[in-house]
Amino acid sequence: MTRILVAGGLGFIGSHLVERLLRREDVAECVVVDNLWTGSWRNLAHVEDSRLQILVEDVERVCLAGKFDEIYHLASPASPPWYMAQPLRTISANVVGALRLLDVLAPGGQMAYTSTSEVYGEPLVSPQPESYRGFVDCTGPRASYDESKRCVEAMLFEAHRAQGVRIKVVRLFNVFGPRTRVDDGRAVSNFVTQALRGRPITVFGDGAQTRSWGYIDDIIKGLERYFWADGVDYPGPLNIGNDREIPVLEVAEFIQRRFPKCPIVHLPAPPQDPTNRRPDLSLANRVLPGWTSLVPYEEGVERTIAWFRREMRPGAAAKRPLVANASAKAIGQNLRLV
Ligand code: UDP
């Protein structure tokens, strides 16, 4: 039977992954470590499964008994305003967190890491294949995120080379969908929550910069297949995303058409905002034959609007208890504070 640890399991992507992991019959125990920095216990509050344990603690400091057969490291903010607000904490969660997690990996176990398209920085080639080494400013405003993700990739590939540790590294491209925080600050969630509040939709710069928007259900399916379901024996790095590249302004206009009373306003672009990003999925097509994004961004945005509409209903949050920090009282049968 398999013992699993998910760091960041109360987050947007982590909580979807935990739900998929709990579908497996070989899983004896699934321990989630999350400090509720950007995650929310509400993301798993509906899950009733005696195999799930939630520890509200920093991944760098958590005390864990025994070793784990599979570890998934997703403990990091992913939204620029969040990681820029606490850059050293971001580096610590990724880098110190990864070192801590390697300590509790069972011999022969597998360590999986969600890296990012940000390792390509301001890409000078498009689409970006995994072999592209990127163009990142190690002293720039995005460095805490970009460089800590790059450092953990380096750490895991060295552990793989030097000690034979089994690793799986994915690079995710602009994932969006239900369970993003209302105050997350990334483009799709910002546009949707602004529109639902009847406020202007904020496009940074002229909006000609592009991203490749991946809907959460498609991305999780790719992660599930790569991390465990297909029995893949390939360490990565592997691009996972939707390769349909769309300008930011087009997404804003799509949402604005649904909320005609909300104007689009242009604000100054953040420094070093990448101008383009699109995954080369040739490798993913070989490693995960048949896997592809099925949900176009238009459909994904509609589903995200429906989800945020429910989430932002007056009283919706109050109906479910919140745990604000690790010293708060444990709520929920599966929640254990350390
Ligand atoms: N963006 C925007 N308005 C917002 C939030 C983001 O125009 O309210 C832009 C941002 O400048 C970037 C793109 O949308 O060019 C994607 O930003 P996001 O924060 O979602 O992710 P990133 O790819 O920058 O990590």
Side-chain angles (χ1 to χ4, degrees), residues 11-13 38 74 76-87 90 94 114-123 126-128 134-137 140-150 170-216 219 239-256 258-259 262-279 297 300-301 304-305 308 312:
F12 162 46
I13 298 178
T38 57
L74 299 93
S76 171
S79 169
W82 283 78
Y83 65 69
M84 286 180 192
Q86 298 195 61
T90 299
N94 279 283
T114 47
S115 185
T116 171
S117 58
E118 293 268 342
V119 300
Y120 302 123
E122 169 60 42
S126 179
Q128 296 90 52
F135 186 44
V136 177
D137 178 357
R142 303 173 81 95
S144 66
Y145 188 70
D146 303 7
E147 295 291 3
S148 61
K149 293 281 182 184
R150 288 171 72 96
V170 290
R171 294 176 177 163
L172 302 178
F173 285 67
N174 289 83
V175 187
F176 74 99
R179 298 192 195 161
T180 324
R181 293 175 65 103
V182 172
D183 58 356
D184 175 82
R186 278 175 284 182
V188 175
S189 57
N190 248 14
F191 297 162
V192 169
T193 55
Q194 288 164 342
L196 285 170
R197 289 176 167 137
R199 295 195 186 144
I201 295 170
T202 56
V203 169
F204 300 157
D206 61 7
Q209 69 272 33
T210 59
R211 295 292 187 271
S212 300
W213 315 92
Y215 187 65
I216 182 70
I219 303 308
N239 287 341
I240 295 277
N242 184 335
D243 61 356
R244 188 170 156 222
E245 186 177 13
I246 309 280
V248 169
L249 184 61
E250 188 179 319
V251 177
E253 287 174 342
F254 176 79
I255 294 169
Q256 203 258 340
R258 297 269 281 93
F259 299 86
C262 300
I264 289 177
V265 296
H266 290 267
L267 299 179
Q272 299 193 9
D273 195 11
T275 56
N276 70 96
R277 235 185 258 139
R278 179 180 173 208
Y297 90 85
V301 166
T304 306
I305 291 171
F308 271 120
M312 292 167 67

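As the structure is a prediction and not an experimental result, all values here were calculated from the model. In each ligand, atom 1 is the first atom listed, and ligand 1 is the first ligand listed.
Taking the charged nitrogens against the carboxylate oxygens, Lys149 and Glu118 have no contact shorter than 4.0 Å, which rules out a salt bridge.
A salt bridge (charged side-chain N to carboxylate O under 4.0 Å, His left out) check over residues 178-187, counting only residues at least two apart or in different chains, returns the pairs Glu19-Arg179, Arg181-Asp183, Asp184-Arg186. Residue pairs satisfying the salt bridge (charged side-chain N to carboxylate O under 4.0 Å, His left out) criterion with at least one member in residues 195-214, sequence neighbours excluded, are listed as follows: Arg211-Asp273. Contacts classified as salt bridge (charged side-chain N to carboxylate O under 4.0 Å, His left out) and involving residues 239-249 (residues at least two apart or in different chains) are given here: Arg244-Glu298.
Ligand 1 lies under 4.0 Å from heavy atoms of Pro80, Glu118, Arg142, Asn174, Gly185, Arg186, Ala187, Asn190, Phe191, Thr202, Val203, Phe204, Gln209, Arg211, Val248, Pro270, Asp273, Arg277.
For the residue pair Asn174 / Tyr297, no side-chain donor-acceptor distance below 3.5 Å is found, with atom types taken as modelled.
Using modelled atom types, no side-chain atom of Gln256 and backbone atom of Pro263 make a donor-acceptor pair closer than 3.5 Å.
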